[in-house]
Amino acid sequence: MPPPPRCAATTAHHSLLGSPTCFARPRRRCCPVRAAVAVQAEAQAKVSLIRIGTRGSPLALAQAHETRDKLKAAHSELAEEGAVEIVIIKTTGDMILDKPLADIGGKGLFTKEIDDALLQGRIDIAVHSMKDVPTYLPEGTILPCNLPREDVRDAFICLTASSLAELPAGSVVGSASLRRQSQILYKYPSLKVVNFRGNVQTRLRKLKEGDVHATLLALAGLKRLNMAETATSVLSVDEMLPAVAQGAIGIACRSSDDTMMNYLSSLNHEDTRLAVACEREFLSVLDGNCRTPIAAYASRDKDGNCSFRGLLASPDGSTVYETSRTGSYDFDIMVEMGKDAGHELKAKAGPGFFDSLQ
């Protein structure tokens with residue numbers, strides 16, 4: 001029987017080398033050294049370029065995701081998988097839920113731990129709800145970016161009435177905000193306001209379970225959570241003046257980090273930054289804390305000017321001071337407007353007013 005035919009490679013090498021041994025050898029499937037190098041290179045490629053620090057509530061995460069998406073859209077290198085990482089940090093305000101904010105004391109209840117992580121280099125940028133940010137920033141940090149402001153109004157949520165005015169006397173409204181409490185009691189003294197803490201989902205559950213008859217939530221938060229339909233009605237700014245910087249997201253970084261500052265400056269919305277600066281200057285003059293009901297709103301009017309309104313009240317709503325200003329939509333002018341309005345209300349209230357809130 002004739003021998004089986006050789007492969008072309010075997011025949012060719014046999015004729016060249018004068019040996020019947022086949023020259024072709026089976027290929028190795030992989031090289032362990034090269035594979036290890038490839039895995040290491042892949043791991044290095046996935047090291048985050050930006051670590052975003054945020055609280056872990058659904059709303060805080062929605063704001064962090066919005067920031068991440070805007071960064072990716074604006075910078076192609078950040079669009080790579082794993083280039084932007086979200087780091088969840090628990091704050092004092094998240095850990096103590098059984099007390100009113102005013103009783104916990106101190107400023108930065110929802111920001112301090114995130115700021116600490118930023119300064120320690122554990123994160124690169126910090127995403128905050130601007131209404132939670134104290135009027136001072138920790139040394140070594142800067143806040144160069146405000147994203148476009150969401151709707152500043154408050155939402156009324158109730159299963160039995162369509163507005164605050166329709167609530168029967170004695171109805172209980174849940175709110176952890178002294179700003180909301182004071183304005184509710186000023187206009188509707190027959191209602192009762194009780195402390196009502198927790199994230200949006202928790203408060204809505206408590207409402208459904210009958211803990212309170214109604215509650216108020218920031219419409220901005222509901223919109224960012226795609227839950228705007230939850231609102232029974234929306235209160236006008238005339239009926240409920242918003243918190244300072246309500247609806248605005250602020251993003252901070254280390255003041256020495258030029259790379260992050262450049263990334264963030266590309267996202268900044270200047271109209272929002274100026275409005276927030278005006279309102280925060282008003283708050284700063286009044287030295288507002290969790291025991292002081294303060295509200296303010298700066299916006300661009302139909303003529304392109306800045307329209308500002310500010311409010312200072314007692315928690316029980318028995319005393320309310322209000323003021324307003326109009327001026328050019330310019331940073332220096334708007335900061336001066338906020339400062340002047342703050343001094344006006346501080347003088348109207350007198351030192352005894354603030355002493356009574358301690």
- Task: Check step by step if side chain to side chain contact (heavy atoms under 4.5 Å, CB included) holds for Ser175 and Val193.
- Result: CA-CA 7 Å; Ser175 177; Val193 181; 4.3 Å; yes

Using modelled atom types only, decide if a donor and an acceptor are shared between the side chain of [X] and the backbone of [Y] within a distance under 3.5 Å.
{"X": "Thr91", "Y": "Glu113", "result": "no"}
{"X": "Arg280", "Y": "Val133", "result": "yes"}
{"X": "Arg309", "Y": "Tyr297", "result": "no"}
{"X": "Ser307", "Y": "Ser299", "result": "no"}
{"X": "Glu279", "Y": "Ala298", "result": "yes"}

- Test side chain to side chain contact (heavy atoms under 4.5 Å, CB included) applied to Lys192 and Val194, step by step: CA-CA 7 Å; Lys192 182 181 179 182; Val194 298; 3.9 Å; yes

Treat each ILVMFWY residue as a node, draw an edge where side-chain heavy atoms are under 4.5 Å apart, and state whether [X] and [Y] are in one component.
{"X": "Leu167", "Y": "Leu204", "answer": "no"}
{"X": "Phe156", "Y": "Phe196", "answer": "no"}
{"X": "Val152", "Y": "Met227", "answer": "no"}
{"X": "Leu143", "Y": "Ile251", "answer": "no"}
{"X": "Val276", "Y": "Leu274", "answer": "no"}

- Query: Taking 4.0 angstrom as the limit, do Arg273 and Glu270 come out as a salt bridge?
  - Reply: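 So Arg273 pairs with Glu270 through a salt bridge.
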
- Query: Any salt bridge between Arg224 and Glu66, counting N to O under 4.0 Å?
  - Reply: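 A salt bridge links Arg224 with Glu66.
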
Report yes if some heavy atom in the side chain of [X] is under 4.5 Å from a heavy atom in the side chain of [Y]; otherwise report no.
{"X": "Pro293", "Y": "Gln181", "result": "no"}
{"X": "Asp124", "Y": "Arg51", "result": "yes"}
{"X": "Val237", "Y": "Pro242", "result": "yes"}
{"X": "Arg122", "Y": "Val87", "result": "no"}
{"X": "Ile157", "Y": "Leu222", "result": "yes"}
{"X": "Asn268", "Y": "Asn146", "result": "yes"}
{"X": "Glu80", "Y": "Leu49", "result": "no"}
{"X": "Arg180", "Y": "Met240", "result": "yes"}

Distance from [X] atom [atom1] to [Y] atom [atom2], nearest 0.5 Å?
{"X": "Ile249", "Y": "Met130", "atom1": "CD1", "atom2": "CE", "answer": "11.0 Å"}
{"X": "Leu137", "Y": "Glu139", "atom1": "CG", "atom2": "CD", "answer": "11.5 Å"}
{"X": "Ile142", "Y": "Leu264", "atom1": "CD1", "atom2": "CG", "answer": "9.5 Å"}
{"X": "Asn305", "Y": "Met334", "atom1": "CG", "atom2": "CE", "answer": "10.0 Å"}
{"X": "Gln183", "Y": "Leu241", "atom1": "CD", "atom2": "CG", "answer": "5.5 Å"}
{"X": "Asp257", "Y": "Leu118", "atom1": "CG", "atom2": "CG", "answer": "8.5 Å"}

- Kindly indicate, with the supporting measurements, whether the criterion side chain to side chain contact (heavy atoms under 4.5 Å, CB included) is fulfilled by Ile88 and Leu61. CA-CA 8 Å; Ile88 296 174; Leu61 288 172; 4.0 Å; yes

I need the minimum non-hydrogen distance between [X] and [Y], along with the two atoms involved.
{"X": "Leu345", "Y": "Phe282", "value": "CD1-CZ, 3.7 Å"}
{"X": "Pro134", "Y": "Thr111", "value": "CD-OG1, 3.7 Å"}
{"X": "Leu178", "Y": "Pro315", "value": "CD2-CB, 4.4 Å"}
{"X": "Ala313", "Y": "Val320", "value": "CB-CG2, 3.8 Å"}
{"X": "Thr323", "Y": "Ala341", "value": "CG2-CB, 3.8 Å"}
{"X": "Glu239", "Y": "Tyr188", "value": "OE2-OH, 3.2 Å"}

- Message: Assess, by modelled atom type and distance only, whether the side chains of Ser236 and Asp238 contain a donor and an acceptor separated by less than 3.5 Å.
- Response: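 The answer is no; no qualifying pair exists.
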
- State whether a side-chain donor-acceptor pair under 3.5 Å links Thr259 with Asn262.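 Their side chains do not contain a donor-acceptor pair, so the 3.5 Å distance test is not met.
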
- Query: side-chain hydrogen bond (donor to acceptor under 3.5 Å, both in side chains) with Gln246: which of Arg179, Lys131, Arg149?
  - Reply: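 Output: one option passes, namely Arg179.
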
- How would you list, by chain and number, every residue that makes a side-chain contact (heavy atoms from CB on, under 4.5 Å) with Asp69, sequence neighbours excluded?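 Once residues adjacent in sequence are excluded, Asp69 has no partner under the side-chain contact (heavy atoms from CB on, under 4.5 Å) criterion.
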
- Can you name the one residue among Asp132, Thr54, Val127, Ile123 that meets side chain to side chain contact (heavy atoms under 4.5 Å, CB included) with Ile114?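 Answer after filtering Asp132, Thr54, Val127, Ile123: Ile123.
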
- Intermediate values then yes/no, side chain to side chain contact (heavy atoms under 4.5 Å, CB included), Ile125 and Leu71: CA-CA 12 Å; Ile125 63 175; Leu71 283 167; 4.0 Å; yes

